[in-house]
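Input: a single structure, listed below in structure tokens.
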Amino acid sequence: MTQMLIIGPPGSGKGTQASRISDRLGIVAISTGDIFRANVKEETPLGIEAKKYIDKGEFVPDSVTNNMVRDRLKQPDAADGFLLDGYPRTSGQVDELDNILAEAGTQLDIVLQLTADDEELVQRLLGRAAQEGRSDDNETVIRRRLALYHEETAVVVNRYAERGIVATVDGIGDIDEVTERIMNALKSVTA
Ligand code: AMP
């Protein structure tokens, strides 16, 4: 059983790799962004609350997010392991995830960090924006999003680095090649 996180910058192919890892390891992939978006679409009370923040590009408050994750991790499909994507994003969320797992007598096994050169990511994201006709995704916006990503993740990665559970994998290259790199990096904990 593997309980893990995936962290990676926009444009690093994190979503694709997350679904591959979840298939290969037979663990459920849980993306807080996806859960929020689904709730916004369905106009659930959680979605209505979360939308206020998501629309402004802000974090949904920890109280809301933590409860949502706590409930999600209690579902039977998460009992055999999980791959969290998009959570924890703050130091408070790191603490809360520790609490949730400690209550179940478990802990996080590994934090997989996908890395990529910012210039490469800017080019990829610009290419994607042009293809999808997203003119709002210009270089300034993309660079701001990347800077924010680095700022946000530093806190979380540092917390887990102290425990020696961060595995860093180069996310640049052929999709299959990156998957193999990840599976190799995970071998020691998933064996
Ligand atoms: P994402 O797709 O992971 O970028 O998430 C989309 C949006 O959902 C974010 O911009 C936040 O508003 C919200 N969100 C997702 N995960 C979290 C989290 N762990 N803490 C707070 N807000 C979150």
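Counting from 1, the numbers follow the sequence of the chain as shown. Computed over heavy atoms, backbone and side chain alike; hydrogens, waters and symmetry mates excluded. Just so you know, ligand 1 is whichever comes first in the structure, and atom 1 is the first atom listed for that ligand.
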Please table the atom pairs, donor to acceptor, closer than 3.5 Å between any side-chain atom in residues 149-157 and protein atoms at least two apart or in another chain.
residue	atom	partner	partner atom	Å
Tyr149	OH	Gly8	N	3.4
His150	NE2	Asp118	OD1	2.9
His150	NE2	Asp118	OD2	3.2
Glu152	OE1	Arg89	NE	3.3
Thr153	OG1	Tyr149	O	2.7
Thr153	OG1	His150	O	3.4

Can you list every pair where an N/O of ligand 1 is under 3.5 Å from an N/O on the protein?
residue	atom	partner	partner atom	Å
ligand 1	2 (O)	Arg37	NH1	2.9
ligand 1	2 (O)	Arg37	NH2	3.0
ligand 1	3 (O)	Arg89	NH1	3.1
ligand 1	3 (O)	Arg89	NH2	3.2
ligand 1	4 (O)	Arg89	NH2	3.0
ligand 1	12 (O)	Glu58	O	2.7
ligand 1	16 (N)	Thr32	OG1	2.8
ligand 1	16 (N)	Gly86	O	3.3
ligand 1	16 (N)	Arg89	NH1	3.0
ligand 1	19 (N)	Gly86	O	2.8
ligand 1	19 (N)	Gln93	OE1	3.0
ligand 1	20 (N)	Gln93	NE2	2.9
ligand 1	22 (N)	Val60	N	3.1

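- Applying the side chain to side chain donor-acceptor pair (under 3.5 Å) test between Gln93 and each of Asp98, Asn66, Asp62, Thr32 identifies Asp62 as the sole match.
- Between the side chain of Glu43 and the backbone N or O of Ile48, no donor-acceptor pair lies under 3.5 Å.
- Scanning for side chain to side chain donor-acceptor pair (under 3.5 Å) contacts around Thr179 gives Gln17, Arg20, with sequence neighbours left out.
- Transitive grouping of hydrophobic side chains (ILVMFWY, heavy atoms separated by less than 4.5 Å) keeps Ile165 and Leu114 in distinct clusters.
- Partners of Glu103 under the salt bridge (charged side-chain N to carboxylate O under 4.0 Å, His left out) rule, at least two apart in sequence or in another chain, are Arg70.
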